[in-house]
Amino acid sequence: SMLDGEKKDETMRKNLPLKPDAPHLRSKTFSAQVDLPRLPIPTLEETLTRFPRAVHALQDVAEREDTKRVTEEFLRGDGPTLQKTLEEYEEEGRQSGRIGSYVEEFWSEAYLAPNASVVLNLNPFFLLEEGPDAKLAKDQIGRAASLIFASVKLASLLKHENLAPDMFKGKPLCMDQFKAIFGSCRVPRQNNKDYVEVDPASTHVVVMHRNQFYYFNALWPDGTVAVDEADLKEILTAIKEDATSIDPELSVKNALGVLTTLPRKSWAVARDNLKASSSHNSAALEIIDSALFVLVLDDFVPNDIHEAAANMLHGSYKVDSEDGLQYFQRGSCCNRWYDKLQIIVCGDGSAGVNFEHSAIDGHTALRFASDIYAETVVSFAQSITKLIHGTGSIPNVISADVNRAAILPTETGAPPWDTSPKKLEFNLPGSVLDKIFFAESALGDEIMSSDTYVLEFKEYGKKFIVRNKMSPDSFVQMSMLLAYYLLYGQVVCQYEPVMTKHFFHGRTEAMRTVTPVAAVFCEKWASRYTSKEEKLDSLRDATKEHSRLVKEASAGKGVDRHLFALKCIAEKNDVAIPPFFGSDAWKALNHTVLSTSNCGNPALRLFGFGPVVPDGFGIGYIIKNNSLQYSISSKHRQTKRFAHTLHKVLLDFKEMMQPLSSVKVGSASPEVEKLLVKKESLLEYADGIDYFGELDLDKPDEKTPQMDGGARKYVGIVRRRESSISEDTMKNVGVMVKSPSSSEHKHVAV
């Protein structure tokens with residue numbers, strides 16, 4: 001694995017081609033990268049003109065005067081020097097190819113430097129719609145096999161760089177993040193920030209069930225798919241049978257995955273102890289790190305949509321006792337590996353995704369989830385039409401070559417590439433066993449203090465809002481802002497990320513919803529003396545202003561990223577942080593009470609994440625043609641009451657708006673929604689999400705590892721492993737579970 005030297009850190013994602021010898025001209029996936037424009041640096045005057053407006057509605061008169069003063073002082077004082085330094089840094093990075101944008105390294109730091117647990121603080125989730133085949137919808141093994149098969153085909157396409165690039169309004173988007181979606185792992189370190197390590201040669205999948213670890217090869221070394229769906233069903237059946245034989249109380253005592261829920265430095269200590277305890281443990285851990293992704297099989301069956309969302313976010317909590325004295329965790333919360341991309345399938349076949357967020361945004365994860373879900377829909381449709389129209393009448397969403405290893409025996413009778421499942425067994429030292437127990441207890445506290453509630457509003461959706469000549473996203477943003485205002489009588493900082501992937505290495509820019517116009521809108525809707533016409537006009541005005549600012553943010557003309565980069569460039573050069581960044585206005589901008597994000601399409605039922613500040617709400621939403629889906633999370637707040645208030649707001653909007661439109665308000669059937677998966681643009685609502693709560697990088701004990709040399713060092717954080725897992729290691733680490741049978745079905749090219 002990688003050494004921790006700073007020189008190794010400097011390997012950026014852009015220097016990690018999946019096929020190092022493949023020029024862009026032969027790469028379908030990355031062919032447009034060289035033509036993408038770089039993210040522009042706004043002028044200092046532009047940003048400092050926008051900044052007071054961004055916090056205006058959050059302040060009183062005296063505070064606004066103070067903001068004006070500190071802003072003018074920054075513009076006349078330290079600001080121009082830092083702006084020049086940032087511009088020179090960007091130019092040097094462009095010429096050397098070391099960085100992809102002026103904010104890239106600093107934004108990576110914001111994800112990887114904090115010591116907080118990634119659970120509830122960083123990793124988002126998707127809940128997929130039900131499987132297309134009603135007869136198999138409740139079959140856990142069948143659903144998991146279909147999702148894995150689609151996923152490894154997508155990984156194969158990406159390895160051969162044949163995955164079509166994302167497009168938005170006819171223009172290509174940056175595909176850089178796709179280099180870190182498969183075979184990647186977030187790695188903690190004791191005396192430094194985390195990093196993300198990628199193994200482009202990864203061929204295997206890790207499976208977790210009842211806190212046990214298994215793995216099998218799913219791709220050939222050249223990236224061709226080595227298993228089909230029937231193979232996968234046999235593999236998963238064998239794994240499930242083996243894991244089910246383990247005593248539940250014993251399994252949770254050895255639940256190594258729960259360590260990934262610890263604060264990062266604590267996890268780093270436990271991980272280093274585990275690796276140092278034996279070469280076997282170290283090799284087994286590397287197999288997990290380098291896997292394409294992790295499939296999680298849960299016994300848990302959610303009773304309702306709220307439990308389903310919570311399980312995808314943080315797992316379920318259920319303590320049990322055999323004797324009334326010793327309690328152990330029977331929930332699914334320990335059956336996770338949060339440092340990697342996870343596909344989670346529950347006992348009833350419901351499925352979702354929980355993804356490590358530091359190297360990829362919601363938009364990239366959405367492409368993954370949408371493509372694999374759409375492929376399962378197409379496969380089901382092909383099974384229906386095959387006898388009538390023959391094969392090939394319906395094209396695949398993911399067209400990858402499949403060459404089943406199980407039907408290609410060598411002279412010895414064994415397949416040339418082993419796809420049989422093996423169990424990873426760890427010899428856990430006492431210190432690690434103790435850490436597992438304490439980690440589970442701490443996670444239980446986090447889960448018990450958190451609340452997730454889902455609002456599935458089916459009275460209307462995108463069509464109705466558009467017919468009333470408003471932006472659906474701006475409309476939904478105002479609904480959340482008003483709901484909070486009606487409950488608490490105040491507007492609070494509300495954040496929405498806006499995708500900037502049409503720039504080279506672009507991620508997101510911040511959109512601040514609480515404009516002066518939006519504050520007036522809230523006041524008028526809460527007033528007993530405002531007419532319906534005035535209320536509706538104020539809603540239109542607020543959505544128009546919001547849409548205008550979204551366009552600015554999309555063009556890289558927001559406030560947050562530029563100012564954040566100026567602060568970081570001062571730290572990088574060991575320059576004193578200007579007083580501007582200690583002002584009440586800067587703190588107000590960065591205390592995000594309503595952290596929101598719009599990310600979804602018909603493949604998803606829900607999307608969500610935790611709050612980014614202790615007194616906040618985390619709200620993921622999906623705008624569908626005839627419905628609005630909200631997943632709302634908070635700590636110690638009235639989540640359900642907020643959702644009910646939001647529901648009433650949406651009904652009030654409908655009452656005001658409906659006379660203006662002849663469109664019929666109603667919901668499409670689930671069957672129709674599923675048929676829309678391929679027809680509706682996968683990118684239509686995909687703004688993605690990111691972590692932007694209080695980015696307090698001035699607390700070295702928690703968030704800022706101290707480097708040698710005084711000045712903060714910002715370095716690249718996604719890098720290629722020095723060497724891939726050797727074939728001998730894959731053969732020798734793990735206990736054979738069961739070789740999948742190859743006699744029951746024949747190879748069919750896909």
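For the pair Val593/Tyr484, a side-chain contact is recorded, criterion being any heavy-atom separation below 4.5 Å from C-beta on. No side-chain heavy atom of Tyr338 sits less than 4.5 Å from a side-chain heavy atom of Glu356. Counting heavy atoms from C-beta on, the side chains of Val152 and Leu219 come closer than 4.5 Å. Contact of the Asp176 side chain with the Lys179 side chain is registered, since non-hydrogen atoms from C-beta on lie closer than 4.5 Å. Contact check for Lys171 versus His502: no side-chain heavy atoms found under the 4.5 Å cut-off. Residues Leu563 and Leu48 are in side-chain contact: their nearest non-hydrogen atoms beyond the backbone lie under 4.5 Å apart. Here the side chains of Ser101 and Trp107 are not in contact, with every heavy-atom distance at 4.5 Å or above. Met480 places none of its side-chain heavy atoms less than 4.5 Å from the side chain of Phe617.
A donor-acceptor distance shorter than 3.5 angstrom exists from the side chain of Thr49 to the backbone of Glu45, with no hydrogens or angles considered. For the pair Ser202 (side chain) and Ser290 (backbone), a donor-acceptor distance under 3.5 Å is present. For the pair Lys501 (side chain) and Met175 (backbone), a donor-acceptor distance under 3.5 Å is absent. Checking side-chain atoms of Thr500 against main-chain N and O of Arg507 turns up a donor-acceptor pair under 3.5 Å. Checked by atom type and distance alone, the side chain of Ser31 pairs as donor or acceptor with a backbone atom of Lys28 at under 3.5 Å. Judged by distance alone, with hydrogens and angles left aside, the side-chain atoms of His562 form no donor-acceptor pair with the main-chain N or O of Gly558 at under 3.5 Å. In this structure, Arg561 contributes its side chain and Thr508 its backbone to a donor-acceptor pair below 3.5 Å. In this structure, Tyr460 contributes its side chain and Leu650 its backbone to a donor-acceptor pair below 3.5 Å. In this structure, Glu197 contributes its side chain and Asp199 its backbone to no donor-acceptor pair below 3.5 Å. For the pair Asn354 (side chain) and Phe125 (backbone), a donor-acceptor distance under 3.5 Å is absent.
Here Lys624 pairs with Glu129 in a salt bridge; the nearest charged N to carboxylate O distance falls below 4.0 Å. A salt bridge between Glu571 and Lys567 is present, with a side-chain N of the basic residue lying under 4.0 Å from a carboxylate O of the acidic one. The pair Lys84-Glu87 fails the salt-bridge criterion, with no side-chain N (NZ, NE, NH1 or NH2) lying under 4.0 Å from an Asp/Glu carboxylate O.
Of all non-hydrogen atoms in Val454 and Ala309, the two that sit nearest each other are CG2-CB, 3.8 Å. The heavy-atom pair separating His546 from Ser474 by the smallest distance is ND1-OG, 2.8 Å. Between Gly79 and Leu44, the closest heavy-atom pair is C-CD2, 3.4 Å. Heavy atoms only, all atoms of each residue included: Leu36 and Pro172 are closest at CD2-O, 3.6 Å. When every heavy atom of Ser627 is checked against every heavy atom of Gln629, the shortest pair comes out as OG-OE1, 3.2 Å. Scanning all heavy atoms of the two residues, the minimum distance from Phe503 to Ser554 falls at CE1-O, 3.5 Å.
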Point to revise | Check against side-chain hydrogen bond (donor to acceptor under 3.5 Å, both in side chains), Gln477 and Thr596 | key: CA-CA 8 Å; Gln477 283 288 313; Thr596 74; 2.9 Å; yes
Exercise for review: Would you sort out whether Ser108 and Lys193 count as a side-chain hydrogen bond (donor to acceptor under 3.5 Å, both in side chains), showing the intermediate values?
Suggested key: CA-CA 10 Å; Ser108 297; Lys193 62 183 175 294; over 6 Å; no
Point to revise | Criterion ring pair (Phe, Tyr, Trp, His ring centres under 6.0 Å) on Phe368 and Phe182, from CA distance to verdict | key: CA-CA 10 Å; Phe368 164 73; Phe182 293 114; 5.8 Å; yes
Practice item. For Tyr111 and Asp194, run side-chain hydrogen bond (donor to acceptor under 3.5 Å, both in side chains): C-alpha distance rounded to whole Å, both residues' side-chain angles, the deciding distance at 0.1 Å, then the answer. Key: CA-CA 9 Å; Tyr111 287 103; Asp194 291 3; over 6 Å; no
Exercise for review: Could you walk me through whether Arg605 and Ser631 pass the side-chain hydrogen bond (donor to acceptor under 3.5 Å, both in side chains) test, one step at a time?
Suggested key: CA-CA 10 Å; Arg605 185 174 180 184; Ser631 177; over 6 Å; no
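Under the 30°/60° scheme for interplanar angles, the aromatic rings of Phe126 and Phe355 are found to be tilted. Aromatic ring orientation, Phe74 versus Phe581: perpendicular (interplanar angle above 60°, classes split at 30° and 60°). Ring geometry, Phe51 versus Trp586: the interplanar angle falls from 30° to 60°, so the pair is classed tilted.
Between Tyr89 and Phe106, the distance from one ring center to the other falls under 6.0 angstrom.
For Thr43 and Glu46, the side-chain atoms include at least one donor-acceptor pair closer than 3.5 Å. With 3.5 Å as the limit, one finds a donor-acceptor pair spanning the side chains of Asp361 and Gln177.
Atom OG of residue Ser633 and atom CG of residue Leu120 lie 7.5 Å apart, to the nearest 0.5 angstrom. Atom CG of residue Leu539 and atom CE of residue Met470 lie 4.5 Å apart, to the nearest 0.5 angstrom. Residue Ser399 holds its OG atom at 11.0 Å from CG of Leu163, rounded to the nearest 0.5 Å. The CE atom of Met511 sits 4.5 Å away from the CG atom of Leu549 when rounded to the nearest 0.5 Å. With rounding to the nearest 0.5 angstrom, the CG atom of Leu594 is 12.0 Å from the CD atom of Glu496. With rounding to the nearest 0.5 Å, the separation of CE in Met478 from CG in Asp473 is 9.0 Å.
Atom NZ of Lys557 has more than 12 neighbouring heavy atoms from other residues, nucleotides or ligands inside a 6.0 Å radius.
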